Number of protein chains: 2
Amino acid sequence: MTSNSKHRPVETVDTAFEIIDVLKRKDGAGITEIADELGLAKSTVHRHVKTLEERGLLLQEEHNYRISTWFLDYGVYVRNRHPLFDVVKPKVDELAAETDEKVWCVIEEHGMGVHIYGAEGRHSVKTHARIGKRTPLHQFAAGKAILAHLPDERVDEILTEYGLAAKTSQTITDREELNDRLEGIRERGYAFNHEESVRGVHAVGAPIRDQSGTAIGAISVAGPANRLRDTALAEELPTLLLGATNEVEINLAHS
Amino acid sequence: MTSNSKHRPVETVDTAFEIIDVLKRKDGAGITEIADELGLAKSTVHRHVKTLEERGLLLQEEHNYRISTWFLDYGVYVRNRHPLFDVVKPKVDELAAETDEKVWCVIEEHGMGVHIYGAEGRHSVKTHARIGKRTPLHQFAAGKAILAHLPDERVDEILTEYGLAAKTSQTITDREELNDRLEGIRERGYAFNHEESVRGVHAVGAPIRDQSGTAIGAISVAGPANRLRDTALAEELPTLLLGATNEVEINLAHS
DNA sequence: TACCGCGTTCGAACTACGGGAACAACACTT
DNA sequence: AAGTGTTGTTCCCGTAGTTCGAACGCGGTA
């Protein structure tokens, strides 16, 4: 799968989704606003919007169009059909209850980490993560756990495509350093996140691997830096986490 | 908003979403399969699919294309931005804990009921409902509660568009009968569902109204018919439910 | 080895997409 | 009350872009 865009895309479909993206970015907009934003004629935008609205994908109220919940239907369908979901959900709930922290399950898709399920512990930190959120893999514990267990050429592809953008001052932005960390993760079996994605938040992440050893996802536990440190971060949480991912891998093999 | 399709839709956008629909309906498919299903040329489908894949909306594995989690991102974004969501979520959780039953929040969109949030009680029944699920309003308690508090002309529009399809033998399929029931719901303040959507399942649903009195959504409690009967169904649950919707309406007015 | 089945590429034809201008409906100013 | 600015909407025309069919490459299988 080379990323050469050799074929000619269907431009009309692209503009349709660009309109949808504008509506998402702006929390809804009018015809003229969309047209200006995208440099299209009002009539063009109007026809697109009406087409999408007729399909139920958009909602109109006065001079404002918004994205509808059809996307929720498609999205939840996709998530529930994912082979990991049924197996991982109870374990994530369990971990959240045991640790009292925020627990996430993340999968890899198109080289990005996607949060497909999260559970609240009693003392969960509030971050901007939410179901469906896409995050560059190098920026967080679950992502690095996945990255450490993908084929080298795949890692190369991903990193050359997306680069190593910083999220906080602690984000790993050097390719060499990342490779070292990934090596450490492979030896250790799990990954840390020391304020690399959110200031004041630490996390531990462990991969979920298929029978070939390739990561198909990861589970992470995140919490405030002052609570997740010393042996809690280095021993207790990893033990719980590896127990969970191990069970998930076994259940996955027999489903 | 008449349902006259006076304008000419963008057919290319329609085919794109028809392809997506096929992929959803068939849990993934190949190029040829999609082309046969829709009566399109393979080359056409191929170009569409590659366009969507390049945007990250589809995933390819071998000769099989699937919908990606991008739709989850759009969908959850839409749900979380909905004015009801933040207010209703804690109340739904609370109701589930109090009643030990399955609790849903449903909103109306394009004349259909959409499940935007559900919480499990300890003895929750398992139905086919899931977040994002769209259901005709006349088929369940929350839907009828909404229908009973919409303007008459809106109700006419909706019923003439979708009809009164039966889900079980108890589903209301007669227009006159439905009107009587809706009248009863308005007097009583909440709606019942006696095995009208799922055999063996009863439910109570109460509307969430805006300041004009129009329903913008509803909350329902559902459980096995043998547990939800007599005073539990007729008194205790409605009391809890109306307490919750009342609080939601108040919080909604001040946000 | 020849045969399907698949996804993919290519070129040509004509459809239908996009643009611009004019229109209607409304709010706000003067 | 007339005027000026919005907005969304409709129309028609030209051509760019979509669609189709046929051909290609590549696996498997008989």
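Numbered from 1 within each chain, the chains take letters A, B, ... in sequence-line order. Just so it is clear, the structure is predicted and the values come from calculations on it, not from any experiment.
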Review point. Is it true that A/Tyr77 and A/Phe85 have ring centroids separated by less than 6.0 Å?
Key: no
Practice item. May I have the distance from B/Ile19 (atom CD1) to C/dG7 (atom C1'), rounded to whole angstrom? Key: 14 Å
Review point. So, A/His110 and B/Glu53: side-chain donor and acceptor under 3.5 Å apart, yes or no?
Key: no
Review point. Regarding A/Asn193 and A/Ser197, is there a side-chain donor-to-acceptor distance under 3.5 Å anywhere?
Key: yes
Review point. How many Å lie between CD on B/Glu61 and P on C/dC6, as a whole number?
Key: 18 Å
**Study point:** A/Asn64 CG to D/dT6 P, straight-line distance once rounded to whole Å
**Key:** 19 Å
Review point. Do B/Phe140 and B/His115 have ring centres separated by under 6.0 Å?
Key: yes
Exercise for review: Identify the two heavy atoms, one from B/Gly205 and one from B/Ala141, that lie closest to each other, and give their separation to 0.1 Å.
Suggested key: N-CB, 3.6 Å
Study note, to complete from the structure: To the nearest angstrom, the NZ-C1' distance between B/Lys50 and C/dC10 comes to 17 Å
Exercise for review: List the atom of B/Trp104, the atom of B/Ile131, and the distance in Å for their closest heavy-atom pair.
Suggested key: CH2-N, 3.7 Å
Practice item. List the steps and the verdict of side-chain hydrogen bond (donor to acceptor under 3.5 Å, both in side chains) for B/Thr214 and B/Arg154. Key: CA-CA 11 Å; B/Thr214 307; B/Arg154 192 75 221 291; over 6 Å; no
Revision key, fill the gap. Letter by letter from the 5' end, nucleotides 15-20 of chain C scores (B base, S sugar-phosphate only, - none; protein heavy atoms under 4.0 Å) -SBBBB
Check your understanding: Would you say B/Asp152 has more than 12 foreign heavy atoms packed within less than 6.0 Å of its CG?
Key -> no
Review point. Can you tell me if B/Thr171 and B/Thr173 form a side-chain donor-acceptor pair at under 3.5 Å?
Key: no
Practice item. Write down the distance between OH (A/Tyr65) and P (D/dG8), rounded to a whole number of angstrom. Key: 7 Å
Point to revise | OP1 or OP2 of C/dG7 under 4.0 Å from side-chain N/O of B/His46 | key: no
Review point. When every nucleotide of nucleotides 25-30 of chain D is labelled 5' to 3' by its protein contacts under 4.0 Å (heavy atoms), B for base, S for sugar-phosphate only, - for none, what sequence of letters results?
Key: ------
Exercise for review: Give a yes/no on whether any side-chain N or O of A/Thr32 is located under 4.0 angstrom from OP1 or OP2 of D/dT6.
Suggested key: no
Revision key, fill the gap. To the nearest angstrom, the NE2-P distance between A/His63 and D/dG5 comes to 18 Å
**Study point:** Rounded distance (Å) that lies between atom C1' of D/dT19 and atom CD of B/Glu18
**Key:** 15 Å
Point to revise | Phosphate OP1/OP2 of C/dT8 contacted by B/Gln60 side-chain N/O (<4.0 Å) | key: yes
